[in-house]
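Before any comments, here is the structure.
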Amino acid sequence: MAKVIQAFRERYHNMKLYKIGDEYPEDDADRVQYLTKQGFLNEEIDSEPSVSLNFEEFAVLPAPEQKKLLADLGIEGDDGNAEKREALYSTYLASVSGNGDSDA
């Protein structure tokens, strides 16, 4: 996703004002590249999502959100119930941090 780093009006979006910190749609890759080169956008490179939830925060998420997070992290496995999803996430935390919350 591209972030606006200098305010500008986009002629291809009915002169919409994009302010610093806004997200710019990446429908037109050439336009994003041009605006990035001109200093209006900072194109963020899609990388592996960072872990922002600890085990306890993950455990209280509703099932659909847990499944989405697991999918976004590229974690595959049986996610049919809460205990299995928590085990998958716990294993992931242990692999990325070295210690994780494996006593769940």
Side-chain angles (χ1 to χ4, degrees):
M1 187 63 61
K3 288 262 188 205
V4 175
I5 58 174
Q6 181 179 339
F8 69 99
R9 288 195 180 272
E10 175 54 90
R11 69 180 72 190
Y12 297 120
H13 297 167
N14 292 328
M15 298 306 286
K16 177 179 178 180
L17 175 63
Y18 284 94
K19 299 175 188 169
I20 295 174
D22 288 348
E23 292 187 4
Y24 184 85
E26 295 189 38
D27 301 337
D28 183 354
D30 291 337
R31 186 68 177 163
V32 170
Q33 183 180 11
Y34 173 79
L35 291 170
T36 300
K37 192 178 284 187
Q38 296 299 316
F40 293 103
L41 301 178
N42 181 14
E43 193 169 9
E44 296 176 2
I45 299 169
D46 289 338
S47 60
E48 184 174 321
S50 61
V51 177
S52 59
L53 298 177
N54 63 31
F55 181 80
E56 291 78 19
E57 292 168 331
F58 177 82
V60 298
L61 289 175
E65 290 183 34
Q66 287 181 345
K67 289 180 180 184
K68 182 182 181 323
L69 179 60
L70 291 173
D72 289 347
L73 292 171
I75 301 170
E76 296 180 1
D78 183 4
D79 61 0
N81 63 39
E83 291 78 22
K84 292 177 181 178
R85 288 189 299 275
E86 290 170 2
L88 288 170
Y89 192 70
S90 179
T91 302
Y92 172 77
L93 286 176
S95 72
V96 295
S97 68
N99 57 9
D101 290 325
S102 59
D103 58 14

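Predicted model only: the values in this text are computed from it and were never measured. The first residue of the sequence shown is numbered 1, and numbering continues consecutively from there.
Between Asp79 and Leu88, the closest side-chain pair of non-hydrogen atoms falls below 4.5 Å. Contact annotation: the side chain of Phe8 approaches that of Leu35 to within less than 4.5 Å [non-hydrogen atoms, C-beta and beyond]. A 4.5 Å side-chain heavy-atom check between Phe40 and Val4 finds every atom pair outside the cut-off.
Between Arg85 and Ala63 the shortest heavy-atom distance is NH2-CB, 3.4 Å. Here the closest non-hydrogen pair linking Ala59 and Gln66 is O-NE2, 3.4 Å.
Judged by distance alone, with hydrogens and angles left aside, the side-chain atoms of Thr91 form a donor-acceptor pair with the main-chain N or O of Ala87 at under 3.5 Å.
Taking CD of Glu86 as the reference point, atom CZ of Phe55 lies at 4.5 Å (rounded to 0.5 Å). Atom CG of Leu93 and atom CG of Leu73 lie 9.0 Å apart (nearest 0.5 Å). The line from CG of Asn54 to OG of Ser90 is 11.5 Å long, rounded to the nearest 0.5 Å.
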**Prompt:** After noting the C-alpha distance and the side-chain angles of Tyr92 and Leu70, does the key distance pass the side chain to side chain contact (heavy atoms under 4.5 Å, CB included) rule?
**Reply:** CA-CA 9 Å; Tyr92 172 77; Leu70 291 173; over 6 Å; no

Next item on the list: Could you go through the salt bridge (charged side-chain N to carboxylate O under 4.0 Å, His left out) check for Lys84 and Asp78 one step at a time?
Entry: CA-CA 7 Å; Lys84 292 177 181 178; Asp78 183 4; 2.7 Å; yes

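By the side chain to side chain contact (heavy atoms under 4.5 Å, CB included) test, Ala7 pairs with no residue at all, sequence neighbours left out. For Thr36, the side chain to side chain contact (heavy atoms under 4.5 Å, CB included) test picks out Val32, Leu41, Glu43, with sequence neighbours left out. Lys68 meets the side-chain hydrogen bond (donor to acceptor under 3.5 Å, both in side chains) test with Asp72; sequence neighbours excluded. Glu83 pairs by the side chain to side chain contact (heavy atoms under 4.5 Å, CB included) definition with Asn81, not counting sequence neighbours. Under the rule for a side chain to side chain contact (heavy atoms under 4.5 Å, CB included), the partners of Glu65 that lie at least two apart in sequence or sit in another chain are Leu61, Pro62.
Shown here is Gln38, whose CD atom has more than 12 heavy atoms of other residues, nucleotides or ligands within 6.0 Å.
Each side chain to side chain donor-acceptor pair (under 3.5 Å) pair with one or both residues in residues 4-14, not counting sequence neighbours, appears once here: Glu10-Tyr24, Glu10-Arg31, His13-Tyr18.
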